[in-house]
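Input: a single structure, listed below in structure tokens.
Every number for a ligand or one of its atoms is a count from 1 in the order of the listing. Small disclaimer: the values here were computed from a predicted structure and weren't measured.
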Amino acid sequence: MEPTRAAGLARLAAFAPRMGRAYAATRNHDSGPGARANVSVLSPWVRHRLVLEAELAAAAAPFGGAAEKFVSEVFWRTYFKGFLERHPAIWAAYTTARAAPRPPGYEAAIAGRTGIACFDAWAHELVETGYLHNHARMWFASIWIFTLRLPWALGADFTFRHFADGDPASNTLSWRWVAGLHTRGKHYLARAANISEHTAGRFDPRGELDERAPPLVEDAVFRDEGVPASDARPEGPVRLVLHEDDCLPETLLPAAARLEEVLVLPPQPRGPRPTGTIAHAFAHGALADAAARAGAHFAAPVRQVETLADIDPAGAPLVTAWPTIGPLRDAFDQAHGAGLTVAWLRRPWDSRAWPHAGKGFFALRQAMPALLDAAPCAA
Ligand SMILES: Cc1cc2nc3c(=O)[nH]c(=O)nc-3n(C[C@H](O)[C@H](O)[C@H](O)COP(=O)(O)OP(=O)(O)OC[C@H]3O[C@@H](n4cnc5c(N)ncnc54)[C@H](O)[C@@H]3O)c2cc1C
């Protein structure tokens with residue numbers, strides 16, 4: 001996985017011919033790490049915005065309705081992001097929950113030593129490749145929660161730290177969805193027959209899974225805070241804080257923008273435990289690629305900072321791409337509390353979609369045609 005925009009665009013071009021019926025018909029099959037032609041494996045690039053959601057949608061456009069499945073999967077990412085922005089207390093509750101002591105069985109689960117062959121294989125695949133197929137992510141989370149009876153937040157912490165596409169919103173909310181906490185009372189139970197059917201016969205965990213467990217329940221009620229307001233871009237020369245959430249600064253700011261400096265913030269730790277090697281390397285590489293492009297595009301000097309506290313508040317106004325809820329937002333909130341003023345610029349793609357992401361996915365799905373009509377490729 002080469003963490004550059006060029007590599008992401010090459011992967012997008014190579015996968016584009018499959019975005020229509022081929023994707024809809026075969027996407028649920030997980031034939032193993034060496035056999036991923038049925039899905040795009042673009043998520044690490046999209047998560048860091050080396051490639052934009054709008055660019056995926058534009059590549060799918062020639063297929064019209066046949067690409068509806070692919071495009072709606074892309075919108076799931078947008079939906080989860082918007083939903084978490086509107087329900088920030090979910091992230092806070094997750095960070096508290098993942099700090100719980102590790103129960104018996106936890107270490108065996110993350111080491112892939114449970115004795116359930118499929119689960120153990122996915123635990124290894126996750127750590128060794130930084131990627132799991134979507135169906136495997138669902139089965140893995142479900143077995144973690146309902147068969148191994150481990151706390152969902154500890155599983156979410158494990159995958160978040162190891163996915164090269166580790167995304168606070170998609171990861172946290174997908175785990176909650178599997179658990180039956182996102183759509184209350186509606187959980188996802190991994191079934192042996194389904195696993196056997198969709199893994200090219202590689203696994204058959206018959207008799208090993210709890211296929212009758214009830215959904216998890218919780219007392220907490222998370223309020224919809226609405227879509228937060230985006231800042232206006234200051235007039236005149238600015239300094240850009242480049243971060244892991246948006247590695248395409250060339251389209252975040254107008255071509256004529258005058259940049260005094262590009263300040264590169266390293267990837268944030270994803271939790272108290274270390275980030276996986278592959279995930280860490282991908283995020284680092286994505287930032288290095290973005291920094292080189294930004295410096296050349298805006299003819300601006302590039303400087304690495306260790307933390308936001310290293311940035312001098314005096315000087316040209318600071319701007320940054322919207323830091324989405326998660327470790328990055330926590331860092332920006334902390335810096336703001338310490339007196340650093342930074343304008344958060346949101347991409348039109350997010351601003352248009354998030355008003356539809358307050359409840360279930362259905363509302364956003366209904367809005368998809370209008371959103372796609374409104375989206376220029378570089379949004
Ligand atoms: C428990 C669990 C945890 C997950 N954690 C993450 C995570 O940390 N980061 C992450 O990016 N995705 C996460 N997902 C969503 C999804 O599994 C991945 O985005 C997808 O598998 C990436 O593979 P791909 O690029 O080959 O997807 P494709 O099938 O080729 O889909 C194209 C694009 O659509 C988006 N997409 C597809 N499916 C989903 C989905 N269900 N939710 C959100 N976006 C989707 C991705 O950007 C993806 O690149 C999680 C899902 C589950 C069930």
If the threshold is 4.0 Å, N to carboxylate O, is there a salt bridge linking Asp231 and Arg346? no

More than 12 heavy atoms of other residues, nucleotides or ligands under 6.0 Å from CD of Glu235: yes or no? no

A cation-pi test, strictly: NZ or CZ of Arg270 under 6.0 Å from the centre of the six-membered ring of Phe160 and no more than 45 degrees from its axis. Yes or no? yes

With backbone taken as N, CA, C and O and side chain as the heavy atoms from C-beta onward, which portion of Phe15 lies under 4.0 Å from ligand 1: side chain, backbone, both, or neither? neither

Tyr23 and ligand 1 - part of the residue with a heavy-atom distance under 4.0 Å: side chain

Check each atom of ligand 1 against the heavy atoms of Leu42 and keep those under 4.0 Å away; list them by number with element. 25 (O), 49 (O)

Looking only at protein heavy atoms, identify the closest one to atom 8 (O) of ligand 1 and say how far it is in Å. Asp167 N, 3.0 Å

Name the orientation class of the two ring planes belonging to Tyr79 and Phe361 (parallel below 30°, tilted from 30 to 60°, perpendicular beyond 60°). perpendicular

Between the candidates Val74, Thr159, Leu132, which shows the shortest non-hydrogen contact distance to atom 34 (O) of ligand 1? Val74

Trp76, portion touching ligand 1 at heavy-atom distance under 4.0 Å: both

Which residue supplies the protein heavy atom nearest to atom 27 (O) of ligand 1, what is that atom called, and how far is it? Ser40 OG, 4.1 Å

For Trp45, state whether at least one heavy atom is located under 4.0 Å from any atom of ligand 1. no

If you have a sec, work out which protein heavy atom is nearest atom 51 (C) of ligand 1 and how many Å separate them, to one decimal? Ser174 OG, 3.5 Å

Can you say whether the rings of His29 and His198 are parallel (under 30°), tilted (30 to 60°) or perpendicular (over 60°)? tilted

closest protein heavy atom to atom 32 (C) of ligand 1 is Phe70 CE1, 3.5 Å

Where the closest heavy atom to atom 12 (N) of ligand 1 is concerned, which of Arg137, Arg47, Met138 has it? Arg137

Apply side-chain contact (heavy atoms from CB on, under 4.5 Å) to Ile311 and Arg239, showing your working. CA-CA 10 Å; Ile311 297 175; Arg239 293 175 292 162; 4.1 Å; yes

For Trp175, the ligand 1 atoms whose distance to one of its heavy atoms is below 4.0 Å: 1 (C)

Counting heavy atoms only, which of Arg77, Glu53, His162 comes nearest to atom 43 (C) of ligand 1? Arg77

Less than 4.0 Å is my threshold; does some heavy atom of Tyr131 fall inside it relative to ligand 1? yes

Strictly below 4.0 Å, N to O, side chains only: are Glu53 and Arg347 in salt-bridge contact? no

Report yes if the side chains of Asp120 and Cys118 come closer than 4.5 Å at any heavy-atom pair, otherwise no. no

among protein heavy atoms, the one nearest atom 36 (N) of ligand 1 is Glu73 O, 3.2 Å

Would you call Arg137 and Asp30 a salt bridge, taking side-chain N to carboxylate O under 4.0 Å as the test? no

For atom 16 (C) of ligand 1, what's the nearest protein heavy atom and its distance? Asn134 OD1, 3.4 Å

Are there over 12 heavy-atom neighbours, none belonging to Arg206, within less than 6.0 Å of that residue's CZ? no

Measure the distances from the heavy atoms of Val178 to every atom of ligand 1 and state whether one is below 4.0 angstrom. no

Identify, by atom number and element, the atoms of ligand 1 in contact range of Gly166, meaning under 4.0 Å from any of its heavy atoms. 8 (O)

Which protein heavy atom lies closest to atom 3 (C) of ligand 1, and at what distance to 0.1 Å? Asn171 OD1, 3.5 Å

Does Leu52 form a side-chain contact (heavy atoms from CB on, under 4.5 Å) with Arg49? I'd like the steps, not just the answer. CA-CA 5 Å; Leu52 301 178; Arg49 284 201 158 147; 3.9 Å; yes

Can you find a non-hydrogen atom of Phe140 under 4.0 Å from ligand 1? no

Can you name the atoms of ligand 1, numbered from 1 with element, that are less than 4.0 Å from a heavy atom of Val41? 24 (P), 25 (O), 26 (O)

So, 4.0 Å and heavy atoms of Phe80: is ligand 1 close enough to count as a contact? yes

Should the ring pair Phe80 and Trp76 be called parallel, tilted or perpendicular, given that the plane angle runs from 0 to 90° and is split at 30 and 60? tilted

Can you establish whether the number of heavy atoms outside His336 located under 6.0 Å from its atom NE2 is more than 12? no

How close do Cys247 and Leu50 get, counting heavy atoms only, and between which atoms? CB-CD2, 3.7 Å

If you scan protein heavy atoms around atom 48 (C) of ligand 1, the nearest is Ser43 CB, 4.2 Å

